[in-house]
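Note sheet for the following structure.
Just follow the structure's listing: the first ligand is 1, and inside any ligand the first atom is 1. In this text, all values refer to a predicted model and were calculated from it rather than measured experimentally.
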Amino acid sequence: MESPVCTETFPIDGCVKSTSKKSKTSRSVESDIESLYKAVPQLAKTFRIIDKIGEGTFSSVYLGEARMRDGSRDMFALKHLIPISHPTRIAAELQCLTVVGGRENVMGVEYCFRKEDHVVIVMPYMEHQAIIDVIGLLSFEEVRLYIYHLLKALRHIHQFGVIHRDIKPNNFLYNRKAKTFALVDFGLAQGTADTQIKLLKDLLGIRKAQRPVFSERNLNSCTSAASTTKQANKTESVRPGDLSNRRFPSARGGPASVRTQKPQRTAQQTFTCSCFQTDRVCNVCLARKQQVAPRAGTPGFRAPEVLTKCPNQGTAIDVWSAGVILLSLLSGRYPFFKASDDMIALAQIMTIRGSRETGRAAKAFGKAVLCSRELPRLDLRELCETLRGRRPLPDDEVPPVTDCKDTDIDGTGKTPAPLPKGQDPTPGEKPWSGLHDERGWDRVPDEAYDLLDRLLDLNPNSRITAALALQHPLFKGL
Ligand code: ADP
Ligand code: MG
Ligand code: ZN
């Protein structure tokens, strides 16, 4: 690939804005930038690195300015991957960007630098806003457009057999003024069985070869009584808070506990489980071999089949995440689900989609989900309008999500997060009194909730695809 940027030496001194009073953060950004120049010295020939714009578990992203061949200056996003990433993983991320990216709302790539184990992916810089800063300002029309463009990106990558696995607003850049969108971050992407991205296929092979990984409890199935009991006890002692002790606030405020299990025992397992259809986990089950299934992503955006570790996961998992984003945008709450672990995330899904419905769907993909109390499926319009403050709270019925307000779920915080100051719904006003809403929140068509219902289909086999969702009546005229 030939560099589109001018490779003359670029003066790097003065690359960081010098101000007399530097905050601690700006000093640490400066030192990060210096370290990056040291790790990948060729960057200095091309870029003036201005700022750090993102920091995740697997990378840091910087804003860089380059002088182009024609003398103009352009801005780029420089993604510095953590040096411990697997080479095939890095190459696969790059291949997704080069083969799939650059069109249909998917970020492309311009160039890539490497020195030893340091890799920097250079992408066009796209100015964008964090969803938390704009969610309370968006009109219904803007939400409709946002979801349309997200689904367009998903249709495109799914056509190539790419499962993104980490669909969330932070990975879908949104420029509200310019109405531009870009899906980024293929760092967790995986291929479908027939993927066109060769390196994603290779990645499947690597994952298989690497099993078992250290983070998985890979206890052998019951081969001898002594070893099983020992292993089961060991497991219990290292995991003091087993699932049976976890309690979740439920729709009506009382505790409900949730867990999943494989519904059928294998012939190999000779010991009798004593916990089936109860809300405890017995020693035999604790000693079961962990089912290996990919589980990347962010708990609040994970599909039920991901949360329950269903081994056959497809592009439908991205569609679920898009549904969670739509739920967030329609209700004006971000993040909508905030869960510290998968069982809490599943419990939160059940408070919205119903416990019986979740159990039924799980059965369809080979999992049993138990919930100690029945949680009714909620009407999505009622839920979103209530959370937006456009509907009074029913007297005797506290909506499930706000119910969590005073209950610190597992010590992690509230679900969903309240809106930042100055954003809708306006305090003191009674918006449900029939006031006209200039952002269109008084006229949300049924189609919006119908699409939401289809994106948040608990069963991945019947969940709408991105391609079909784009033909939904909600998008008429786009
Ligand atoms: P990570 O794997 O660390 O999450 P991402 O690729 O998601 O890395 O990038 C992290 C953040 O950096 C994004 O959420 C976004 O704010 C910013 N970013 C990434 N790529 C670009 C880009 N091309 N233009 C502008 N900002 C970007
Ligand atoms: Mg990211
Ligand atoms: Zn059991």
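The ligand atoms of ligand 1 that sit less than 4.0 angstrom from a heavy atom of I53 are 26 (N). Counting the atoms of ligand 1 from 1 in the order shown, those under 4.0 Å from a heavy atom of A77 are 21 (C), 22 (C), 23 (N), 24 (N). Listed by atom number, the atoms of ligand 1 under 4.0 Å from N170 heavy atoms are 13 (C), 14 (O). Taking a cut-off of under 4.0 Å to the non-hydrogen atoms of G56, the atoms of ligand 1 that pass are 3 (O). Interface atoms of ligand 1 facing L173, defined by a heavy-atom separation under 4.0 Å, are 15 (C), 21 (C), 22 (C), 24 (N), 25 (C), 26 (N), 27 (C).
Considering backbone and side-chain atoms together, Y125 places no N or O closer than 3.5 Å to any N or O of ligand 1. Residue K79 has at least one nitrogen or oxygen atom sitting less than 3.5 Å from a nitrogen or oxygen atom of ligand 1, judged on distance alone. On a distance-only criterion, M107 and ligand 1 share no N/O pair closer than 3.5 Å.
Scanning all protein heavy atoms for the shortest distance to atom 25 (C) of ligand 1 gives M126 O, 3.1 Å. In terms of protein heavy-atom proximity, atom 4 (O) of ligand 1 is closest to D185 OD2, 2.9 Å. Nearest non-hydrogen protein atom to atom 20 (N) of ligand 1 is M123 CE, 3.6 Å.
Evaluated for a side chain to side chain contact (heavy atoms under 4.5 Å, CB included) with L383, the options L330, L452, L378 yield exactly one hit, L378. Applying the side chain to side chain contact (heavy atoms under 4.5 Å, CB included) test between L456 and each of V319, V324, L326 identifies V324 as the sole match.
Proximity of P124 to ligand 1, defined as any heavy-atom pair under 4.0 Å, is confined to the backbone N, CA, C and O atoms. At a 4.0 Å heavy-atom cut-off, ligand 1 touches V61 through the side chain alone. The part of H128 lying near ligand 1 is the side chain, judged by heavy-atom distances below 4.0 Å.
The N, O or S atom of D185 lying closest to the Mg ion (ligand 2) is OD2.
With 3.5 Å as the limit, one finds no donor-acceptor pair spanning the side chains of H128 and N175. In this structure, a donor-acceptor pair under 3.5 Å is present between the side chains of S462 and D457. Checked by atom type, the side-chain pair N105/H156 shows no donor-acceptor distance below 3.5 Å. For the residue pair T195/K201, the side-chain donor-acceptor check at 3.5 Å is not satisfied. Counting only N and O atoms by type, the side chains of D32 and S60 include no donor and acceptor under 3.5 Å apart.
Ring pair Y146/F172: centre-to-centre distance below 6.0 Å.
R165 has no carboxylate O lying under 4.0 Å from a charged side-chain N of D318, or vice versa, which leaves the two without a salt bridge. Taking a cutoff of 4.0 Å between a charged side-chain nitrogen and a carboxylate oxygen, K367 and E305 do not qualify as a salt bridge.
The shortest heavy-atom contact between L307 and M343 is O-CE, 4.0 Å.
Nearest to atom 11 (C) of ligand 1 by heavy-atom distance, out of P169, S59, G54, is G54.
N171 lies close to the Mg ion (ligand 2), since one of its N, O or S atoms is found at a distance under 2.8 Å.
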